[in-house]
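Notes follow once the structure below has been shown.
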Amino acid sequence: MTANTRRTWISWAALAALGATLAQPGWAQDSTFKVGLILPMTGQQASTGRQVEAAARLYIAQHGDTVAGKKIELIVKDDTGLPDVSRRLAQELVIKDKVGVLAGFGLTPLALAVAPVATQSKTPLLVMAAATSSITEASPYVLRTSFTLPQAAVVIADWAPKNGIKKVVSLVSDYGPGVDAEKFFSEQFKKNGGEVVESLRVPLRNPDFAPFLQKVRDAKPDALFVFVPSGAGAAIMKQFVERGMDKAGIKLIGTGDLTDDDQLNDMGDGALGVVTAHHYSAYHPSDLNRQFVEAFKKANNNLRPNFMAVGGYDGMHAIYEALKASKGEGSDALLKGFKGLSFESPRGTVTIDPETRDVVHDVYLRKVERKDGQLYNVEFDVVKAVKDPGKAPK
Ligand code: PHB
């Protein structure tokens, strides 16, 4: 057998096994409900894996591991950030482990690679991290507790022109969420009378921001709008300050991925005053959030939870509630249990839109400030119950 025919044979075998899984769902056979958590635990997106896993474990520790008569078992797999690995792991989790839900997904291409496995095996796929608008349309079994880029991009595009920012250069990572951020920011900003003089896209893997920042300097905009994925914000912030862009009068704005709580406190004073829009700040002033942040730090060597952690924490909550609603049944009954869920989260009220299966939540405007000796995203305004603008009626 050549490598190619072997691969084809394996994927046919996998599909056949998925069919068998359908006929005899694993979840019905025993009193355990398995959650397959597929995350990048190593590689460039490892901070996302660490945050989501820690949050899922915290939720289970706080709420017990028995739901609707089933014992919850978390199976964590490292996809190293590669879509082929995510898909293979998902097939194994469905066929061998008979998981009742596939969850996690630290990057858009990883979630998209697994969507066909969810459809084929009728297994709900809960996106806890990735944020391109279209992911929920890749399979009727996809649900989301993270966020979408258009939700945040539109809110900052409404704020900027009212606050003296008329001319902007945008800079985004060149893949799904970056393209969403660029499109929804610039459309809304232009609608509000603003001008986007240049739209720059940087590679996702190991970007060198220097030549792009030089272009920004030459264009002399009022502000630079940035989207880079969680974990990449510190690098661009450092170069922005080193090149004296802030001193040259160019403001930095973006979606909250830029001032990620996982890195923010180490970004230094250059981050002070940066305004972003996002659904979660570790500084969100609610009792529920204060308790969450304290418990998370205690369980994780003082690590501050970021917006990925809240996606994982709320995702586990959604799994518990959906499983209660389905009385412990999986597949289509469980999928139904997710739709329309609404609950209080450390971020505020979260709803899973029953039509789009996407998350609806409040989006906050925040400014980086020093509080109690640490850098935080301090919220100063809010837009309530924001649906994904990427799914506005066509
Ligand atoms: C994504 O790949 O969908 C993604 C990852 C990290 C972010 C936002 C979006 O911060």
Side-chain angles (χ1 to χ4, degrees), residues 38-41 43-53 55 79-83 85-86 103-115 125-138 142-156 170-185 201-207 225-237 254-264 267 274 276-282 304-312 315 347 358-359 361 363 366 377 388 390:
I38 304 176
L39 290 166
M41 302 305 300
Q44 198 172 295
Q45 249 57 45
S47 65
T48 296
R50 182 180 64 214
Q51 289 272 353
V52 173
E53 181 188 1
D79 64 15
T80 71
L82 297 173
V85 180
S86 315
F105 309 105
L107 285 171
T108 290
L110 312 177
L112 292 177
V114 175
L125 185 166
L126 183 60
V127 180
M128 294 171 161
T132 300
S133 173
S134 63
I135 296 173
T136 44
E137 286 154 19
V142 174
L143 307 130
R144 174 153 45 198
T145 55
S146 48
F147 63 106
T148 79
L149 264 306
Q151 286 175 318
V154 163
V155 170
I156 191 80
S170 71
L171 185 154
V172 302
S173 294
D174 191 7
Y175 77 121
V179 173
D180 270 3
E182 179 191 280
K183 175 174 186 282
F184 282 84
F185 174 82
R201 295 185 181 180
V202 299
L204 172 62
R205 309 266 170 207
N206 307 313
F225 165 82
V226 172
F227 163 78
V228 287
S230 181
I236 186 159
M237 187 76 78
T255 62
D257 313 73
L258 174 64
T259 54
D260 184 351
D261 270 307
D262 189 78
Q263 299 186 319
L264 178 59
M267 287 185 192
V274 173
T276 56
H278 227 207
H279 59 286
Y280 181 68
S281 162
R304 187 193 287 185
N306 69 357
F307 57 93
M308 293 304 188
V310 90
R347 72 180 99 170
D358 218 333
V359 66
H361 55 200
V363 175
R366 317 95 49 86
N377 294 296
D388 174 29

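Both counts, for ligands and for their atoms, begin at 1 and track the order of listing.
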For [X], atoms of ligand 1 separated by under 4.0 Å from a heavy atom:
X      : result
Phe307 : 10 (O)
Ala130 : 1 (C), 3 (O)
Thr108 : 1 (C), 2 (O), 3 (O)
Pro229 : 5 (C), 6 (C), 7 (C), 10 (O)
Met308 : 6 (C), 7 (C), 10 (O)
Ser230 : 6 (C), 7 (C), 10 (O)
Gly106 : 5 (C)
Phe147 : 8 (C)

For Met308 and Ala129, the nearest pair of non-hydrogen atoms, with its separation, is SD-CB, 3.5 Å
Straight-line distance of Thr255 OG1 to Phe184 CZ, nearest 0.5 Å =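 Going from OG1 on Thr255 over to CZ on Phe184, the span is 13.5 Å.
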For the atom pair CZ (Arg205) and CD (Gln45), what is the distance rounded to the nearest 0.5 Å?
-> 6.5 Å
Pairwise side-chain contact, [X] with [Y], heavy-atom cut-off 4.5 Å (strictly under):
X      : Y      : answer
Leu149 : Phe227 : yes
Thr259 : Met237 : yes
Leu143 : Thr136 : no
Tyr175 : Leu107 : yes

Do any N/O atoms on Ala131 end up under 3.5 angstrom from N/O atoms on ligand 1?
-> yes
Between Gln45 and ligand 1, which part of the residue brings a heavy atom under 4.0 Å of the ligand: side chain, backbone, both or neither?
->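 Neither; nothing of Gln45 gets under 4.0 Å from ligand 1.
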Taking the six-membered ring for Trp, is the centroid-to-centroid distance between His361 and Phe147 below 6.0 Å?
->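 Judged by ring-centre distance (under 6.0 Å), His361 and Phe147 do not meet the cut-off.
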Minimum-distance protein heavy atom relative to atom 10 (O) of ligand 1 | Asp257 OD2, 2.6 Å
Report the nearest protein non-hydrogen atom to atom 4 (C) of ligand 1: residue, atom name, distance rounded to 0.1 Å.
-> Tyr175 OH, 3.5 Å
